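Working notes, structure below.
For clarity, every value in this text was computed on a predicted model and none was experimentally measured.
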Amino acid sequence: MKPLFFAPFAALAGLAALSPVTPAMAEDNVAAPSLAEVLAHERRDNDRARDQYRNPAETLAFFQVEPTHTVVEYGPGGGWYTRVLAPYLMPAGKYMAINQDSDGRNYRTRAQEARTKSWTENFKSGLAEAMGIEADAVTAFETDEMPEDVAGTVDRVLIFRSMHGLVNGNRADEVLGVIRTMLEDDGMVGVVQHRAPEGASFDDYNPVPGYIPTERLLSVFTAAGFELVASSEINANPQDPANWERGVWTLPPVLATGEDDPRRSEYLSIGESDRMTLLFKKAN
């Protein structure tokens with residue numbers, strides 16, 4: 001399999017076990033899997049340990065995601081949520097993936113640039129292989145290449161743990177503008193984001209740790225033409241002080257300080273980061 005963004009796309013290979021889960025199922029009146037069945041499937045055996053921190057069933061319910069929806073996932077990364085969303089949505093709804101414009105980024109190496117700029121093709125071919133469908137049946141594009149027929153058709157856009165990169169890279173307005181264009185009038189944006197402690201200033205959390213103060217994130221969405229619908233503590237972790245020198249990556253699953261860090265057992269006992277879970281709609 002080919003790489004998915006910066007993480008191995010091979011992690012999506014388990015989707016192949018659901019090769020019958022294709023848009024053709026709707027035509028053949030074959031029952032699509034329930035979300036519970038999707039979450040329990042063996043392809044997620046390596047993902048399930050994260051469920052206690054990421055709460056996918058509760059999170060998707062809070063975002064009011066329905067299996068008939070057209071749902072866009074921003075920045076799929078290693079595919080953890082793709083392995084939930086694609087088999088859940090593709091039988092009766094539609095799954096799409098987007099990423100920011102690769103031409104507007106800075107790269108450390110030519111290899112990183114090449115990987116990033118080939119993301120669209122690699123994602124489409126990798127997910128197509130995993131799902132047992134043609135690559136043309138997969139919709140994935142960068143924000144500057146949104147197909148005209150996508151505008152105004154999307155029920156939900158989901159952004160998981162990616163807003164810190166957009167905010168710190170001064171790309172949030174650009175990306176959220178495209179997202180606003182693709183949403184239906186009653187479409188909504190669901191966000192899960194590492195949360196800085198209450199009262200922290202943005203300068204305290206920019207750009208190292210990956211955490212964002214809630215008020216800062218709300219202001220970013222307000223400026224982009226959105227308003228808050230609801231917030232949830234589904235993905236909160238009060239044990240995370242959110243003040244690590246290596247930022248959010250100190251904690252699982254990255255554990256950036258390495259196996260020799262004497263505090264490693266502490267990081268493992270804390271678990272993943274404290275996260276806000278927010279739902280937005282277009283402002284009137």
Side-chain angles (χ1 to χ4, degrees), residues 3-7 9 11-12 54 56 59-60 62-65 69-86 88-90 93-105 115-124 126-127 138-147 150-184 187-195 210 212 216-218 220-221 223-226 228-229 235 248 273 275-282:
L4 168 60
F5 201 43
F6 295 116
F9 203 106
L12 285 182
R54 300 183 180 184
T59 299
L60 294 181
F62 176 73
F63 292 154
Q64 303 172 39
V65 173
H69 278 170
T70 295
V71 177
V72 171
E73 182 183 11
Y74 173 81
W80 194 93
Y81 255 107
T82 306
R83 290 185 286 278
V84 175
L85 293 168
Y88 181 54
L89 295 165
M90 293 184 79
K94 187 169 186 178
Y95 169 84
M96 295 190 284
I98 63 169
N99 228 320
Q100 63 178 284
D101 178 8
S102 59
D103 288 332
R105 302 184 61 180
R115 287 196 305 272
T116 304
K117 291 190 173 182
S118 62
W119 172 81
T120 301
E121 293 76 17
N122 289 344
F123 185 90
K124 292 176 69 173
L127 184 56
V138 179
T139 303
F141 52 88
E142 294 185 354
T143 51
D144 64 320
E145 299 173 341
M146 183 188 75
V150 170
T153 68
V154 174
D155 297 291
R156 300 288 182 273
V157 177
L158 306 181
I159 308 174
F160 298 107
R161 307 177 309 280
S162 295
M163 283 304 303
H164 57 280
L166 292 176
V167 172
N168 292 335
N170 295 316
R171 305 297 297 275
D173 289 347
E174 168 195 331
V175 171
L176 291 178
V178 174
I179 288 173
R180 199 176 193 282
T181 298
M182 67 175 61
L183 282 173
E184 290 189 348
M188 293 188 285
V189 182
V191 178
V192 178
Q193 175 57 41
H194 314 292
R195 175 169 53 189
I212 298 179
R216 170 62 174 170
L217 189 60
L218 292 175
V220 168
F221 272 85
F226 292 93
L228 184 67
V229 174
N235 297 299
V248 67
S273 67
R275 293 161 185 168
M276 62 184 108
T277 304
L278 308 173
L279 187 62
F280 297 91
K281 67 177 182 179
K282 294 181 181 180

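Across all non-hydrogen atoms, the minimal contact from Phe62 to Leu279 is O-CD2, 3.7 Å. For Ala172 against Val220, the heavy-atom pair with the smallest separation is CB-CG1, 3.7 Å. Of all the heavy atoms in Ser162 and Gly75, the pair that sits closest is OG-O, 4.3 Å. The shortest non-hydrogen separation linking Glu145 to Phe141 is O-CB, 4.0 Å. In plain terms, the two heavy atoms of Met146 and Ala151 that are nearest each other are CE-CB, 4.0 Å. Minimum heavy-atom separation, Ile212 to Met276: O-CE, 3.2 Å.
Between Phe123 and Asn99, the closest side-chain pair of non-hydrogen atoms is not below 4.5 Å. Looking only at side-chain heavy atoms (C-beta outward), Phe226 and Leu183 come within less than 4.5 Å of each other. The shortest side-chain heavy-atom distance between Val229 and Phe63 does not fall under the 4.5 Å cut-off. With a 4.5 Å cut-off on side-chain heavy atoms, Pro56 and Tyr88 do not count as touching. Contact check for Val84 versus Leu60: side-chain heavy atoms found under the 4.5 Å cut-off. Proximity of Ile179 to Val72: side-chain heavy atoms (C-beta onward) are nowhere separated by under 4.5 Å. Inter-residue side-chain proximity for Arg54 and Arg161 is flagged as met; some heavy-atom pair is nearer than 4.5 Å. At least one side-chain heavy atom of Val65 sits under 4.5 Å from a side-chain heavy atom of Leu158.
Taking Thr70 as the reference, Lys94, Met96, Val154, Asp155 meet the side-chain contact (heavy atoms from CB on, under 4.5 Å) condition, with sequence neighbours excluded.
The line from NZ of Lys281 to CE of Met188 is 9.0 Å long, rounded to the nearest 0.5 Å. Atom CG of Leu228 is separated from atom CG of Leu278 by 6.0 Å, given to the nearest 0.5 angstrom. We find the CD-NZ distance between Glu142 and Lys117 to be 9.0 Å, quoted to the nearest 0.5 Å. Remark: Arg275 CZ to Phe160 CZ distance equals 11.0 Å, nearest 0.5 Å. Interatomic distance, Trp119 CH2 to Glu121 CD, rounded to the nearest 0.5 Å: 9.5 Å. For the atom pair Asn122 CG and Leu127 CG, the distance stands at 12.5 Å (nearest 0.5 Å).
In the model, Thr143 has no side-chain atom that pairs as donor or acceptor with a side-chain atom of Tyr74 under 3.5 Å.
Just one residue in the list His194, Arg195, Gln193 forms a side chain to side chain donor-acceptor pair (under 3.5 Å) with Ser273, and that residue is His194.
Looking only at distances, a side-chain donor or acceptor of Lys282 sits under 3.5 Å from a matching main-chain atom of Arg180.
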